[in-house]
Amino acid sequence: MERLGTQFFTAPTLVLTERLLGKVFMRITPSGTVLKGRIVETEAYLGNNDEACHAWRKKTERNRVMFEAPGTLYVYFSYGCHHLLNIVTEPEGIAGAVLIRAMEPLEGIPSMQERRNTTVETALMSGPAKLTSALGIDRSSSGRDLFGNEFFLLDAPLPPPSMICTSTRVGITRSRELPWRKYLADNPHVSKGRPS
DNA sequence: AGCGTGATCTTT
DNA sequence: AAGATCACGCTG
């Protein structure tokens, strides 16, 4: 599988939300373990007119990574215990990101089972905080990008249009009408969270 | 359906 | 300085 470069991320956020489906996220840990997951659920967050976006009002210490170059990772800490992974989109200076909500585990599964403390495969990465836990990602990875030695995005065919579903986003209260969630039909690794 | 848990942002 | 909110997951 070919590694995707900066060119892939030049598309608008709403296009990437769909195009990221089926692509393979990969991390190589410091000890050399290869972890891979296939993206099956995403959501778009945009700085303008999207009140659910961390950067909708202004640039702050927390959200400044959302203004960085496309392909940067934006990881934040939520509810006092969870880390959530986004891939930054839009040209530098413009806030935008795609939240990675679920993946299908492909490689490094024993390591994921250990981190997640379960062997149930559909429980390893079937939610935005589950997958960061499975991959061992926390805020220390925020600001890193997909073009170095640790994080990669590998190309894979876009699933057929008939398999791509759309809904409103999960777990938000503001701007809940926007249909900015994409996921793969009938995939058991899609999160159980229901749209707002 | 309830709640932990702590950073971040808004309001006083 | 204090209060509200929160892109969630697990238990029961």
Side-chain angles (χ1 to χ4, degrees), chain A residues 9 12-21 23 25 37 39-68 70-90 94-105 112-144 165-184 187-196:
Chain A
F9 298 93
T13 302
L14 293 172
V15 172
L16 284 171
T17 304
E18 189 163 322
R19 269 189 208 164
L20 281 166
L21 293 175
K23 300 293 183 283
F25 185 93
I39 297 171
V40 298
E41 180 181 351
T42 57
E43 281 178 3
Y45 287 87
L46 281 168
N48 294 333
N49 299 323
D50 171 13
E51 295 192 20
C53 178
H54 290 164
W56 76 278
R57 197 195 282 272
K58 62 184 175 188
K59 194 176 197 171
T60 67
E61 181 53 29
R62 175 174 68 161
N63 67 32
R64 68 186 166 76
V65 177
M66 290 188 87
F67 293 81
E68 292 189 7
T72 303
L73 304 184
Y74 168 50
V75 184
Y76 75 96
F77 187 57
S78 183
Y79 288 98
C81 38
H82 304 302
H83 299 276
L84 275 67
L85 170 68
N86 295 254
I87 297 176
V88 174
T89 54
E90 302 296 323
I94 298 174
V98 175
L99 171 68
I100 308 302
R101 283 196 56 87
M103 295 185 197
E104 176 177 337
M112 295 179 188
Q113 290 173 333
E114 205 167 313
R115 290 178 203 277
R116 289 277 301 128
N117 201 30
T118 177
T119 56
V120 180
E121 219 159 286
T122 52
L124 294 180
M125 307 182 92
S126 56
K130 294 179 189 177
L131 69 89
T132 53
S133 168
L135 291 166
I137 291 176
D138 62 21
R139 276 176 299 178
S140 67
S141 299
S142 197
R144 309 283 301 279
C165 308
T166 300
S167 80
T168 55
R169 296 172 291 180
V170 174
I172 55 167
T173 56
R174 296 177 293 180
S175 298
R176 61 175 61 181
E177 69 284 356
L178 300 172
W180 287 0
R181 172 175 178 244
K182 298 279 173 183
Y183 60 98
L184 295 182
N187 188 292
H189 300 90
V190 168
S191 75
K192 278 91 196 157
R194 298 218 348 248
S196 304

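Scope of the values below: all heavy atoms of this structure, side chains included, with no hydrogens, waters or symmetry mates. Sequence lines set the chain letters: A, B, ... in the order given, protein chains first and strands last, and positions in each chain run from 1.
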>> Stacking between A:Y79 and C:dC6, defined as ring centres under 5.5 angstrom apart with planes under 30°, is that present or not?
In response: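 Ring-base stacking flag set for A:Y79 and C:dC6.
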> Does the ring of A:Y45 lie flat against the base of C:dA7, closer than 5.5 Å centre to centre with planes under 30°?
Replying inline: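 A:Y45 vs C:dA7: stacking yes.
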Any donor-acceptor N/O pair, [X] side chain to [Y] backbone, under 3.5 Å:
X: A:S133; Y: A:A129; result: no
X: A:R115; Y: A:M112; result: no
X: A:T168; Y: A:P179; result: no
X: A:T89; Y: A:A97; result: yes
X: A:T13; Y: A:A44; result: no

d([atom1], [X]; [atom2], [N]) in whole Å:
X: A:N63; N: C:dC6; atom1: CG; atom2: C1'; answer: 15 Å
X: A:H83; N: B:dG6; atom1: NE2; atom2: C1'; answer: 11 Å
X: A:L84; N: B:dA7; atom1: CG; atom2: C1'; answer: 14 Å
X: A:L131; N: C:dC8; atom1: CG; atom2: C1'; answer: 12 Å
X: A:F77; N: C:dG9; atom1: CZ; atom2: C1'; answer: 13 Å
X: A:I172; N: C:dC6; atom1: CD1; atom2: C1'; answer: 12 Å
X: A:Y74; N: B:dA7; atom1: OH; atom2: P; answer: 15 Å
X: A:N117; N: C:dG9; atom1: CG; atom2: P; answer: 16 Å

> When you measure from the side chain of A:R174, which nucleotide among C:dC6, B:dT5, C:dG9 comes out closest?
Replying inline: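 Closest nucleotide among those given: C:dC6.
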Please work out if [X] contacts a base, only the sugar-phosphate, or nothing of the nucleic acid, heavy-atom cut-off 4.0 Å.
X: A:L99; result: base
X: A:A52; result: base
X: A:R116; result: sugar-phosphate
X: A:R62; result: sugar-phosphate

>> What I'd like to find out is whether the side chain of A:N86 reaches to under 4.5 Å of the side chain of A:I100, using heavy atoms alone.
In response: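 Contact flag for A:N86/A:I100 side chains = no.
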> Quick one: does A:W180's side chain get under 4.5 Å of A:T17's, heavy atoms only?
Replying inline: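 They are not in contact (no side-chain heavy atoms under 4.5 Å apart), so the answer is no.
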> Parallel, tilted or perpendicular: which describes the rings of A:Y76 and A:H54, with under 30° parallel and over 60° perpendicular?
Replying inline: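 Answer is perpendicular, since the angle exceeds 60°.
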> Quick one: salt bridge (Lys or Arg N to Asp or Glu O under 4.0 Å) pairs with a partner in residues 41-53 of chain A, sequence neighbours left out?
Replying inline: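 Residue pairs passing salt bridge (Lys or Arg N to Asp or Glu O under 4.0 Å), neighbours aside: A:E41-A:R101, A:E41-A:R181, A:E43-A:R101, A:D50-A:R169.
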>> Looking at A:R101, I'd like to know whether one of its side-chain N or O atoms comes within less than 4.0 Å of OP1 or OP2 on C:dC8.
In response: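 A:R101 to C:dC8 OP1/OP2: side-chain N or O found under 4.0 Å.
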> Phosphate oxygens OP1/OP2 of C:dC8: is one of them under 4.0 Å from a side-chain N or O of A:S191?
Replying inline: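 Result: no.
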> Taking only Watson-Crick and G-U wobble pairs with both distances under 3.5 Å, what dot-bracket line describes DNA chain B, where [ ] shows pairs that cross earlier ones and | shows pairs with another strand?
Replying inline: ||||.||||||.
> Would you find more than 12 non-hydrogen atoms of other residues, nucleotides or ligands less than 6.0 Å from A:K192 atom NZ?
Replying inline: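 It does: A:K192 NZ has more than 12 such atoms within range.
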> In terms of the nearest nucleotide of DNA chain B, which residue is placed more toward the 5' end: A:H82 or A:R139?
Replying inline: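 It is A:H82, whose closest nucleotide lies nearer the 5' terminus.
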Please list, pair by pair, any protein nitrogen or oxygen found under 3.5 Å from a nitrogen or oxygen in nucleotides 10-12 of chain B.
{"from": "B:dT10", "atom 1": "OP1", "to": "A:R57", "atom 2": "NE", "distance (Å)": "2.7"}

